[in-house]
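Please read the structure below before turning to the comments.
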Amino acid sequence: GSGNQAVLSTNAATETLTATDSGRITVCTRTSTTQVFTLPVAAIGLTYQFVTTSAASEFLLNPGNATDVFQIKATVDQGASVVTAAGVGIKNTAATNVVGDSIWIVGVVGIWIMIGQSGIWASQ
């Protein structure tokens with residue numbers, strides 16, 4: 001293969017991702033209100049990346065399973081970790097986000113783990 005990753009540029013208010021979207025970079029282009037992405041059930045080998053092009057919107061990642069959790073860091077340069085309650089999403093809020101904020105997550109059974117980020121992230 002060429003090594004190129006699939007990219008989706010979207011300004012949709014909501015998007016439901018599937019396992020076939022794994023490995024894709026989603027460019028969040030909405031310029032108002034929240035973009036909500038629902039992930040599939042967390043499973044080994046699934047990876048998703050998101051990046052924002054507007055500070056006037058925010059994006060929220062919801063787990064596709066009511067028992068899945070996220071394990072993330074609040075910020076790159078802050079050691080605070082965040083583990084969400086089961087079924088609770090994570091958000092890059094419009095109050096603090098900037099263009100280029102991003103997150104890269106990988107799934108294992110029941111958990112979405114942050115493996116890369118920029119910006120400030122919090123439990124929903």
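Keep in mind that what you see is a predicted model, and the values were worked out from it rather than measured.
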Is there a donor-acceptor pair closer than 3.5 Å between any side-chain N or O of [X] and the backbone N or O of [Y]?
{"X": "T10", "Y": "T26", "result": "no"}
{"X": "T53", "Y": "C28", "result": "yes"}
{"X": "D101", "Y": "V51", "result": "no"}
{"X": "S54", "Y": "T29", "result": "no"}

Can you find a pair of side-chain heavy atoms, one from [X] and one from [Y], that are under 4.5 Å apart?
{"X": "T47", "Y": "S22", "result": "yes"}
{"X": "L8", "Y": "I25", "result": "no"}
{"X": "V36", "Y": "N62", "result": "yes"}
{"X": "L60", "Y": "I90", "result": "no"}
{"X": "V27", "Y": "V7", "result": "yes"}

So, for [X] and [Y], which heavy atoms are closest and what is the spacing to 0.1 Å?
{"X": "W112", "Y": "D68", "value": "NE1-OD2, 4.0 Å"}
{"X": "L46", "Y": "P40", "value": "CD1-CG, 4.0 Å"}
{"X": "A55", "Y": "V99", "value": "N-CG2, 4.1 Å"}

Spacing of I103 atom CD1 and F70 atom CZ [to the nearest 0.5 Å]:
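Here the interatomic distance stands at 7.5 Å.
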side-chain hydrogen bond (donor to acceptor under 3.5 Å, both in side chains): which pairs involve residues 32-44, sequence neighbours left out?
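Qualifying pairs: R30-T33, T34-E58.
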Verify the cluster assignment for F37 and Y48: are they in a single hydrophobic cluster under the rule of side-chain heavy atoms below 4.5 Å apart?
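Looking at the clustering, Y48 is in the same group as F37.
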Tell me whether I72 shares a hydrophobic cluster with L17, the cluster being built from Ile, Leu, Val, Met, Phe, Trp, Tyr side chains joined at under 4.5 Å.
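Cluster IDs for I72 and L17 match.
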